[in-house]
Amino acid sequence: MASKKMTMAMIVMIVVVMAMLVDRSVAIDLCGMTQDELNECKPAVSKENPTSPTEPCCTALQHADFACLCGYKNSPWLGSFGVDPELASGLPKQCGLANAPTC
């Protein structure tokens, strides 16, 4: 009985550690923005009920690689993530960034 409990505890521990490793491996850094920063901006570029960009979103855009981001403007992937490309390309201007790109 004790060995069954020990085995189950080991299995649970392995699953938890693997889940932590997988979670870290799927974190993305896209065009100079972390996954958290991208998520912060998503409501402002959402196809359905877009909101105004938040201060953390605008702060994140200050260090984004706009040439890289503009490369995704015509990507079919944006639509699958619920992102409106026109809203996304207008986001830097909405944030009042001086170096707002024209994609």
Side-chain angles (χ1 to χ4, degrees):
M1 184 82 159
S3 78
K4 273 189 170 183
K5 285 184 179 181
M6 183 77 100
T7 302
M8 287 302 290
M10 290 296 287
I11 290 172
V12 169
M13 178 88 79
I14 290 170
V15 169
V16 168
V17 169
M18 288 180 71
M20 288 171 51
L21 291 173
V22 167
D23 185 45
R24 287 184 184 161
S25 68
V26 294
I28 59 170
D29 183 353
L30 178 69
C31 301
M33 295 179 70
T34 66
Q35 186 170 354
D36 288 340
E37 291 170 331
L38 291 167
N39 288 339
E40 188 65 46
C41 291
K42 188 169 181 187
V45 297
S46 176
K47 286 182 178 184
E48 294 185 28
N49 303 318
T51 64
S52 295
T54 62
E55 187 62 35
C57 169
C58 292
T59 300
L61 283 176
Q62 291 175 357
H63 64 263
D65 179 345
F66 291 125
C68 176
L69 288 172
C70 286
Y72 287 95
K73 183 177 180 184
N74 297 317
S75 170
W77 289 103
L78 288 180
S80 67
F81 291 112
V83 173
D84 181 319
E86 292 303 315
L87 290 174
S89 63
L91 197 57
K93 188 174 181 179
Q94 271 193 294
C95 288
L97 298 182
N99 60 341
T102 53
C103 297

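In this chain, residues are counted from 1 in sequence order. All values below were derived from every heavy atom in this structure, side-chain atoms included, with hydrogens, water molecules and symmetry-related copies excluded.
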Side chains of residues 56-64: which donor-acceptor partners sit under 3.5 Å, not counting sequence neighbours?
{"unit_1": "T59", "atom_1": "OG1", "unit_2": "E55", "atom_2": "O", "d": "3.0"}
{"unit_1": "H63", "atom_1": "ND1", "unit_2": "A60", "atom_2": "O", "d": "3.4"}
{"unit_1": "H63", "atom_1": "NE2", "unit_2": "G32", "atom_2": "O", "d": "3.3"}
{"unit_1": "H63", "atom_1": "NE2", "unit_2": "E37", "atom_2": "OE1", "d": "3.3"}
{"unit_1": "H63", "atom_1": "NE2", "unit_2": "E37", "atom_2": "OE2", "d": "3.2"}

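Every residue meeting the side-chain contact (heavy atoms from CB on, under 4.5 Å) condition with C70, not counting sequence neighbours, appears here in chain and number order: P101, C103. Partners of T54 by side-chain hydrogen bond (donor to acceptor under 3.5 Å, both in side chains), not counting sequence neighbours, listed by chain and number: E40.
Shown here for L91 and C41, the closest heavy-atom pair between the two residues is CD2-CB, 4.0 Å.
Side-chain atoms of Y72 and V83, non-hydrogen and from C-beta on, never get closer than 4.5 Å to each other.
If you take CG on L78 and CG on L87, they are separated by 11.0 Å, rounding to the nearest 0.5 Å. One distance of note links CG of N39 with OG1 of T34; it measures 8.0 Å at 0.5 Å rounding.
Among residues at least two apart or in separate chains, there is no side chain to side chain donor-acceptor pair (under 3.5 Å) pair with a member in residues 42-53.
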